[in-house]
Amino acid sequence: MVPELGHFALILALCVAIVQATVPLAGTVWRVPGWIALARPAASAQMLFLVLAFGALVWSFIANDFSVAYVAQNSNSALPLEYRISAVWGGHEGSLLLWGLILGGWTFAVAMFSRRLPDDMVARVIAVMGLISIGFLLFMLLTSNPFDRLVPPAPDGRDLNPLLQDFGLIVHPPMLYMGYVGFSVAFAFAIAALIEGRLDATWARWSRPWTIVAWVFMTFGIALGSWWAYYELGWGGWWFWDPVENASFMPWLIGTALIHSLAVSEKRNTFKNWTVLLAIFAFSLSLLGTFLVRSGVLTSVHAFASDPARGIFILAFLLLVIGGSLALFAWRAPAVKSTGHFQLVARETAMLSGNVLLVVAMGAVLLGTLYPLILDAFALGKISVGPPYFNAVFVPLMAPLLLILGVGPHMRWKQDDAATLLRRYRFVLLVSVVAGILLPLVAYGTVTPGVGLGVALACWVVGGSVVDLGRRVRTSRGLRGVPRSYWGMTTAHAGLAVVVVGVTLTSAYSTESDVRMAPGESLEMAGYTFHFDSVDQVAGPNYDASFGHFRITAADGSQVARLNPEKRIYRVQTMPMTEAGIDGGLFRDLFIAMGEPLGDGAWAVRIYHKPFIAWLWLGAILMGCGGLLAASDRRYRLAVKSAQAATVGPVATAES
Amino acid sequence: MIHRLFPGLMLALLLGFATMGWAAIESFEFDSPEQEARFKQLSGELRCLVCQNQSIGDSNAELAQDLRREVFEMIKEGQSDAEIVDFLVARYGDFVLYRPPVNYTTALLWAGPFLLIAIGLFFMIRFIRTRVATTDGVGTLSAEEQSRLDVLLQTPAKDEHT
């Protein structure tokens with residue numbers, strides 16, 4: 001009964017979405033206030049039905065209703081409750097429903113938090129989001145219904161993939177989807193502005209906080225995924241350039257370019273077409289990412305062919321969204337004039353260069369991700385594109401970006417003076433170069449050009465911010481006079497520098513040992529001694545584990561940590577899983593994973609010393625917090641009022 | 001080979017990422033640290049053919065274990081990296097390489113990023129030129145006058161409609 005109610009709620013959500021997408025939009029064309037006013041209630045109703053549908057699926061999982069095919073495929077009666085709930089988004093159908101629910105949530109938020117925006121603008125934005133929702137709900141109902149029944153019902157479920165039975169996987173997908181779907185708000189604002197033919201500073205100002213918040217979710221989502229890969233996959237890596245990772249990284253890169261371009265559009269009334277294009281691409285890549293991961297096309301192009309209905313729907317939907325919005329862009333964009341002028345040495349130039357580098361980096365990642373699929377689809381041979389390719393093309397693009405980042409944000413709009421800048425920043429430049437060479441040399445005794453460059457660029461970015469902050473404090477009224485958005489920018493950029501230090505040092509100075517160890521034996525590495533004490537057999541709720549006991553001591557004999565790596569066998573899928581034991585720290589992680597038993601009580605053991613790896617996630621947290629600071633700047637709340645005054649009448653496109 | 005490959009392949013396809021949680025850990029005895037470094041480099045750049053996007057160094061599928069042993073033995077026999085790679089490509093094709101070779105099918109892949117940056121720079125420079133050129137017309141004002149003018153020009157945006 002409950003699954004049928006969920007199914008019905010999904011159908012009702014589709015009906016509401018159709019109303020939400022058409023009536024308010026028609027209302028703005030024919031100027032019918034009643035139709036325009038329908039946008040907000042429609043958004044609320046759609047949210048309600050999606051919550052009901054999602055709740056029905058959650059209920060089916062909690063109640064172990066194995067007559068629902070999706071539940072039988074992804075759950076088991078022995079699965080602990082928290083994983084039964086997170087199993088809701090453990091597969092294709094459920095994650096689509098989560099996507100739909102989050103889209104409903106963002107639409108609802110737009111309806112709630114835009115009371116001070118002009119009604120027809122909000123109506124257009126909500127209508128565009130309704131259009132997207134129609135696509136997703138149709139896809140679910142026609143090809144991927146999570147409520148399909150299984151006749152006869154399964155006696156028990158096939159269990160959730162053990163890899164997903166983990167805290168990280170409870171949090172990672174919703175976080176990432178909040179980011180993916182959040183870009184739909186920026187997309188909807190851009191499309192709404194194109195439909196209206198009004199692209200001005202107020203449009204940029206309205207979409208900025210939404211875009212930044214979506215970007216923050218995405219940043220946290222990607223960082224969580226990377227962290228999860230590090231501790232759960234069991235071989236100590238944190239980024240594999242896997243297509244699934246690239247799928248989330250590409251919209252993030254474009255989203256990063258977008259929040260910067262939006263800033264220029266708002267403050268300087270220029271780059272407007274570029275900003276709209278970025279908003280379209282950020283969301284298109286989010287869609288592409290969702291489908292790449294969910295359609296199975298990454299495993300093999302032939303998986304696509306094995307289920308043609310899904311494949312064709314996905315292609316048609318992508319084509320419609322991307323093609324439709326680009327056609328609208330091509331129609332409207334020529335009329336948009338940017339009025340802001342600037343000289344070669346100006347903050348605009350720096351922002352534009354950074355944007356170009358981010359977009360090119362995304363293009364390279366896209367090329368590497370899709371190239372093997374395209375070759376395979378045209379029967380031109382099977383190739384693999386992996387980390388050697390991506391590192392070779394990505395790293396050289398990031399170095400100039402960081403170089404720009406040290407000084408670009410601190411340049412003046414319109415025009416600045418190269419000689420003044422050089423005078424102001426030459427000390428930081430000198431210190432950075434010296435630090436890049438000396439710091440690794442002092443800490444590790446060796447330095448390579450790559451390490452030196454990474455550390456120097458990180459120092460340069462932070463140093464540049466410090467110099468500028470000092471100038472601001474002196475010229476404005478102390479620290480209080482510095483606006484929150486400025487703190488946000490500085491924090492986020494410092495976060496990137498922290499990530500760079502983490503990536504550089506952990507890549508260069510990690511030490512690793514794959515050894516055969518028996519209980520009672522010990523191994524010395526990187527100044528620590530790893531003692532293997534014993535192994536117990538432990539039974540978990542749905543797995544059996546070999547539970548290792550390790551002790552780590554420092555050179556002076558004092559105990560550093562006790563770690564318990566596990567080797568689990570999950571009963572239903574009889575799948576072995578490695579649970580690493582990790583002693584985390586600010587400057588190094590110690591990592592132990594147990595491999596196979598080698599007979600006579602001995603085990604294959606992998607031990608890592610990973611310096612500065614925590615900085616990767618610390619930096620990402622800083623970047624996210626920076627975004628939150630910037631989005632909560634009071635000017636966005638004040639700006640809404642004054643913006644309304646400026647939009648009483650439609651501003652001619654040619655002037656804006 | 002086929003009878004061994006097949007179950008692994010089916011497993012990988014059925015479970016998707018399933019095989020990923022199963023880290024590859026074993027111990028080889030190398031003659032020198034250089035050999036070990038070469039082994040790590042190579043096993044990170046060779047693809048486990050039955051897994052969903054894992055290197056043979058990361059996977060514990062049977063095939064990956066076999067390939068690791070094979071690479072290990074070839075290194076011990078004193079073969080060069082190029083010889084080992086050539087041998088594996090002859091047997092499995094380019095699919096086994098995470099660093100795709102440069103040939104006519106991959107030309108666009110390797111040239112792509114350079115093309116992209118060239119296109120990006122071209123349009124960027126063209127755009128900046130138009131911006132700078134339009135400024136020249138009003139360049140008779142000093143920087144200070146210009147910024148005052150800007151302030152004045154920005155505020156009346158509201159007045160237009162009142």
Side-chain angles (χ1 to χ4, degrees), chain A residues 161-163 232-235 237 240 242-243 270 298-300 340-344 348-349 352-353 356-357 359-360 363-364 367-368 371 375 380-389 393 397 414-415 512 514-516 573 575-578 593-596 604-606 642 645-646 648-649 651, chain B residues 12-13 15-28 40 44-45 47 52-55 57-58 60 93-101 105-106 108-110 112-114 116-117 119-121 123-124 127-128 131-135 138 143 146-147 150 153-154 157-158 160-162:
Chain A
N161 182 343
L163 205 55
E232 181 69 18
L233 294 185
W235 60 84
F240 303 94
D242 187 90
T270 186
L298 292 174
T299 327
S300 141
H341 305 300
F342 56 91
Q343 292 296 328
L344 188 61
E348 286 93 330
T349 312
L352 191 60
S353 318
V356 167
L357 286 168
V359 173
V360 169
L367 189 68
Y371 206 85
L375 276 194
L380 288 169
K382 279 177 87 70
I383 65 159
S384 303
V385 180
Y389 173 84
V393 299
L397 288 169
K414 285 181 70 71
Q415 188 172 9
E512 167 190 352
D514 284 343
V515 286
R516 175 196 173 94
Q573 301 193 355
M575 191 168 117
M577 286 284 301
T578 305
M594 297 202 304
E596 297 302 297
V605 177
R606 172 171 292 187
S642 59
V648 175
V651 181
Chain B
L13 286 179
L15 300 182
F17 269 94
T19 45
M20 280 185 89
W22 188 3
I25 301 169
E26 62 206 351
S27 45
F28 289 119
K40 282 197 172 129
E45 292 197 358
R47 182 181 194 136
Q52 177 163 335
N53 202 19
Q54 273 181 277
S55 70
D58 286 338
N60 217 28
D94 288 340
F95 191 59
V96 77
L97 301 178
Y98 267 132
R99 187 193 295 276
T105 45
T106 60
L108 196 58
L109 176 71
W110 284 106
F114 294 99
L116 286 172
I117 194 84
I119 294 168
L121 280 178
F123 280 105
M124 188 176 93
F127 178 73
I128 291 175
R131 297 289 97 184
V132 173
T134 32
T135 330
V138 289
Q146 181 65 46
S147 61
D150 282 337
L153 281 175
Q154 291 221 319
K158 284 173 208 160
E160 272 178 288
H161 311 287
T162 48

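Each chain gets a letter, A, B and so on, in the order the sequences are listed, and its residues count up from 1.
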Atom of Leu367(A), atom of Pro113(B) and distance for their closest heavy-atom approach: CD2-CD, 3.9 Å
Minimum heavy-atom distance between Ala364(A) and Leu116(B), given as atom pair plus value: N-CD1, 3.7 Å
Side chain, backbone, both or neither of Tyr371(A) within contact of chain B (heavy atoms, under 4.5 Å): side chain
Part of Ser55(B) within contact of chain A (heavy atom distance under 4.5 Å): neither
Any donor-acceptor pair under 3.5 Å from Ser384(A) side chain to Val96(B) backbone: no
Partners meeting ring pair (Phe, Tyr, Trp, His ring centres under 6.0 Å) with Tyr98(B) (sequence neighbours left out): none
Residues Ile383(A), Thr105(B); criterion side chain to side chain contact (heavy atoms under 4.5 Å, CB included); working and verdict: CA-CA 10 Å; Ile383(A) 65 159; Thr105(B) 45; 5.5 Å; no
Structural part of Ser353(A) lying under 4.5 Å from a heavy atom of chain B: both
Any Leu109(B) side-chain heavy atom under 4.5 Å of Leu375(A) side chain: no
Val393(A) side chain reached by Phe114(B) side chain, heavy atoms, under 4.5 Å: no
Atom of Ile128(B), atom of Phe342(A) and distance for their closest heavy-atom approach: CG1-CE1, 4.1 Å
Distance (rounded to the nearest 0.5 Å) between Gln54(B) CD and Asp242(A) CG: 9.0 Å
Chain A contact via Ile117(B) - side chain, backbone, both or neither, heavy atoms under 4.5 Å: both
Under the side chain to side chain contact (heavy atoms under 4.5 Å, CB included) test, residues paired with Phe123(B) that sit two or more places apart: Ile119(B), Arg126(B)
Under 4.5 Å from a heavy atom of chain B, the part of Glu348(A) involved: neither
Value rounded to 0.5 Å, distance of CG in Leu121(B) from CG in Leu357(A): 8.0 Å
